[in-house]
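Per chain, numbering begins at 1; letters A, B, ... match sequence-line order.
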Number of protein chains: 2
Amino acid sequence: MGPLLTRIKDSLPSLSEAEKKMGLYVLKQPELIPNMTTKELSQKSGTSESSVVRFCKSIGIGSFKSFKLELVKELAMNEEKLTDFNFLQDKSEPYDIFQKVTHVNTSAIEAIPTSLDRKEFQKAVHTVNHAERLIFYGVGGSATAAVDGYYKFTKLGYACTAHQDFHFLLSSIPYLKKNDVIMAISMSGKTKDVLELSRFAQKEGASVIAITNLDKSPLYKEADIRLCTPIVEHDYRIGSIPSRMTQLTIIDALYLSVFKTKGEDVLPQYHEARNEVIRLRR
Amino acid sequence: MGPLLTRIKDSLPSLSEAEKKMGLYVLKQPELIPNMTTKELSQKSGTSESSVVRFCKSIGIGSFKSFKLELVKELAMNEEKLTDFNFLQDKSEPYDIFQKVTHVNTSAIEAIPTSLDRKEFQKAVHTVNHAERLIFYGVGGSATAAVDGYYKFTKLGYACTAHQDFHFLLSSIPYLKKNDVIMAISMSGKTKDVLELSRFAQKEGASVIAITNLDKSPLYKEADIRLCTPIVEHDYRIGSIPSRMTQLTIIDALYLSVFKTKGEDVLPQYHEARNEVIRLRR
DNA sequence: AAATGTATGAAACTAAATTTCATGATGATC
DNA sequence: GATCATCATGAAATTTAGTTTCATACATTT
């Protein structure tokens, strides 16, 4: 905790009731303050606008604006983030919700290192590097990640598929070679279609890379390589939002790593496609 | 020099006279800015208040207030070079790359408040709330966001479409009603198909909500409602990765806000579908 | 030379921060 | 136990700051 927040904490006992409420609120969610107005803040902390201004003066800062600036400065230095997903219960305005989503998403991404195993990730890069075909399969909320991977790896020259239709995919499995890969994406690791497809593919000799939550699900147990997303606190309102961010980030990292190793080989084609995109804009 | 100041320096040539004066002044004395008002700054830099605000928008930040906050943040941590995309040149291990991606993605999400306008966001929530049909359209890297929105808003009971096929979509446009919405997703705001579809839809009376980078692109100018993503430093290797995260986060926030306002109405259907998903897992 | 477009600052407008002020609570003094 | 002083507090008024609009000027094109 930086000097400003520490100062707030230390001065809590000497503050008046309303100011104490303010102080506690600030300490709880300091990163939300800079984008708030006195009115919002007073409502959130259960005080009045005047008390907000008075609070700033009490902790030795002349105005609310300066307080915000100081806070940003402080928060910029210590990059600590909170991880509390409980806040959607209150009656929030659209912009509050937006701020919370921002927060939930960044927290989730930052939590990935706690679940993603380094060696598994390296194995995944290596395997994809030597693959020819990639099949991305995810249903429901995980379809987004599948589409994204499909797009990215196509850009790198892979023969990719990402299709919603289970039977369609099934019929392509027997043609997979030893080096080919199924990217099985499922948060729960229990989705039946994803499991069936993976098993079938393994029987035919392909590798299954799973992007799934870190727990002992069937997909987790059966996959050849496990890229685990952190289990984030769950609330039906938030649903799969943060999970999907973590799936995507893992795919991003995989993509860049493969890009890097393929490196010079794909650059000409990559730029060619890119220039064509720009040309077609006009 | 941090990413923000670098960005200002780099964009100097493309700025107008008044804006250039502003930029030079800011570069000369960046640490003075946060405690200045638009009026002071306009006098010091020999321009007008309006030009100050315009300058902020031109460098991709939605308001003068946000600009100040960003500047403070940057000045506070000029030691760390966080948005440095050159890492892909050195010999990074896969896991390093993963860590950088994590960082790039979280930074991008955290930058959204600098570009997303509060009021526009509220307008978007309101408009979607009163819509019946939603068409999500994005090509290339923006297709991911379109798919994601498609999935999310379908869960809320909207008649949604998200399709890659331009002609297919075209044929559905004439059936749009006054309250219907096109969500036009394009980072550059110049994608031809997206523009054409939006124009056609507007002619037919539907509203266009654009999710696009904050700059003076055609889509930005023509959209009815603009949800702007921040301009993040660009490197062809990273490509659209962080932009797509910001698009998705904006859609997440929109979804949750609409969910919240629809609230109780959709809960039964929502849970019904959800339980069925769980049942089908076994 | 007319027409179109772009840039600009003055002024109107809107939003946010700050101050003032009335009220009610607490506690000290007679 | 009544009276007065003090303090904390939030509602409302005021002031200040930020943003948008609009008319004008200037440049560019046809």
OP1 or OP2 of C/dG9 under 4.0 Å from side-chain N/O of B/S51: yes
Touch class at under 4.0 angstrom, heavy-atom based, for B/K57 against every strand present: sugar-phosphate
B/E132, CD atom: more than 12 neighbouring heavy atoms under 6.0 Å: no
Phosphate-side-chain proximity, B/T38 and D/dG18, N/O vs OP1/OP2 below 4.0 Å: yes
Aromatic ring pairing A/F98/B/F121, orientation class (parallel under 30°, perpendicular over 60°, tilted between): tilted
Sub-4.0 Å heavy-atom contacts from residues 61-70 of chain B onto DNA chain D, ordered by number: B/S63, B/F64, B/K65, B/K68
Value in whole Å for how far the P atom of C/dA17 lies from CG of A/L41: 10 Å
Between C/dG9 (P) and B/M22 (CE): distance, integer Å: 12 Å
Sugar-phosphate, base or nothing in reach of A/E49, heavy atoms under 4.0 Å: base
Separation of C/dA16 P from A/Q43 CD (nearest whole Å): 11 Å
Polar contact flag, side-chain donor to acceptor under 3.5 angstrom, B/T246-B/T249: no
Donor-acceptor pair present, A/T37 side chain and C/dA15 base, under 3.5 Å: no
Pairwise 5' ranking along DNA chain C for B/K221 and A/M36, keeping only the more 5' one: B/K221
D/dA8 phosphate, OP1 or OP2, under 4.0 Å from A/S16 side-chain N/O: no
Check: B/E70/B/T114 side-chain N/O donor and acceptor closer than 3.5 Å: no
